[in-house]
Visitor: 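Structure provided below as structure tokens; questions to follow.
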Amino acid sequence: ADTAYQSAMLSLQAKDYEGRARLISRQLKLASAQGDAQGGKALFSAYQSLVPQLTAIDGFAALQIQVVANALALGDQALVSPMQRLLEQAIQRSNEDAGLLIEANQLRGQMAALSGDAASALLLLRKALVDLGADATPAQTYRLYWQLARIQAENGQLETALNNYRRATV
């Protein structure tokens, strides 16, 4: 723990933009988990200010996707537009990495749901599920089926939602 703390402090003191960005991403995840919306927004804003310095790093697309996922957990509709911009940058830099593109589609679906567009959300989540195909891990299929079911239940499609909840747990 001390080594991680020291590394984080060195990143903040130096012009280690990647280190700062990764630290902010972890802090954003913690803020989301703790329900600290105000702190999470501030961290998301701090990350956004670092993006111009990050575009040349290896793993830029994956970092962007991770930050969007962490910010999405805040559940703040006001962050959807800036999250979409970060996600589009990630997609452009993904080098056609299938895993990153599937994750991006899933996040697009979640953002559509947060924006209140259930039809688009369901379409994007189903596309992500199809794109996973036979290479899907149990965790990936669980997450997608659970999200589909949650949106369907919220929209009164209870029978379909129950079927997807069952698929998620099998």
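Source: prediction; values computed, not measured. Atoms considered below: every heavy atom in the structure, side chains included; atoms not considered: hydrogens, waters and symmetry mates.
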Visitor: For Glu103 and Gln66, what are the C-alpha separation, side-chain angles and deciding distance, and is it a side chain to side chain contact (heavy atoms under 4.5 Å, CB included)?
Guide: CA-CA 9 Å; Glu103 184 75 17; Gln66 181 181 21; over 6 Å; no

Visitor: Hey, are the side chains of Leu132 and Leu144 touching, using non-hydrogen atoms and a 4.5 Å cut-off?
Guide: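 In contact.
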
Visitor: Would you mind reporting whether Leu101 and Asn105 have side-chain heavy atoms less than 4.5 Å apart?
Guide: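 Side-chain contact under 4.5 Å: no.
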
Visitor: Roughly how far apart are Leu79 CG and Leu72 CG, rounded to 0.5 Å?
Guide: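 Here the rounded value is 9.0 Å.
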
Visitor: Calculate, to the nearest 0.5 Å, the distance between atoms CZ and CD1 belonging to Arg22 and Ile57 respectively.
Guide: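 One gets 5.0 Å once the value is rounded to the nearest 0.5 Å.
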
Visitor: Keeping Asn155 on the side-chain end and Gln157 on the backbone end, is there a donor-acceptor pair under 3.5 Å?
Guide: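 No.
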
Visitor: Under the side chain to side chain contact (heavy atoms under 4.5 Å, CB included) criterion, do Leu125 and Arg150 qualify, and how do the steps go?
Guide: CA-CA 12 Å; Leu125 291 171; Arg150 184 182 49 80; over 6 Å; no

Visitor: Mind jotting down which residue pairs meet the ring-ring contact (aromatic ring centres under 6.0 Å, His included) criterion with at least one end in residues 146-170? Sequence neighbours excluded, please.
Guide: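 Only Tyr142-Trp146, Trp146-Tyr165 qualify under ring-ring contact (aromatic ring centres under 6.0 Å, His included).
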
Visitor: Could you check if a side-chain atom of Val51 sits within less than 4.5 angstrom of a side-chain atom of Gln64, using non-hydrogen atoms only?
Guide: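 Yes, their side chains come closer than 4.5 Å.
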
Visitor: Phe44 versus Asn70: any side-chain heavy-atom pair under 4.5 Å?
Guide: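 A side-chain contact under 4.5 Å is absent here.
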
Visitor: Mind checking the CD-CD1 spacing from Gln89 to Ile91? Nearest 0.5 Å is all I need.
Guide: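 Separation between the atoms: 10.5 Å.
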
Visitor: Going through the distances and angles, do Leu50 and Ile24 end up as a side chain to side chain contact (heavy atoms under 4.5 Å, CB included)?
Guide: CA-CA 10 Å; Leu50 288 176; Ile24 289 169; 3.7 Å; yes

Visitor: Which heavy atom in Ala90 sits nearest to a heavy atom in Ile65, and how many Å separate them?
Guide: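 Nearest heavy atoms, Ala90 then Ile65: CB-CG1, 3.8 Å.
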
Visitor: Hey, does Leu148 have a side-chain heavy atom less than 4.5 Å from the side chain of Gln152?
Guide: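 Side-chain contact under 4.5 Å: yes.
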
Visitor: Hey, does Leu28 have a side-chain heavy atom less than 4.5 Å from the side chain of Tyr47?
Guide: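 No, their side chains stay 4.5 Å or more apart.
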
Visitor: Are Arg20 and Leu23 close enough that some pair of their side-chain heavy atoms sits under 4.5 Å apart?
Guide: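 Side-chain contact under 4.5 Å: no.
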
Visitor: Just wondering, do Val68 and Met111 contact through their side chains at under 4.5 Å, heavy atoms?
Guide: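 The answer is yes, as the side chains (C-beta and beyond) meet within the 4.5 Å cut-off.
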
Visitor: Using side chain to side chain contact (heavy atoms under 4.5 Å, CB included), reason through Gln147 and Gln106 one step at a time and then give a plain yes or no.
Guide: CA-CA 9 Å; Gln147 290 168 352; Gln106 181 179 349; 3.2 Å; yes

Visitor: Going by the salt bridge (Lys or Arg N to Asp or Glu O under 4.0 Å) test, which pairs reach into residues 48-57, not counting sequence neighbours?
Guide: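 Passing the test, one end in residues 48-57: no pairs.
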
Visitor: Just by modelled atom types, is the Gly99 backbone N or O under 3.5 Å from a matching donor or acceptor in the Asp97 side chain?
Guide: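 Flag set: sc Asp97 to bb Gly99 pair under 3.5 Å.
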
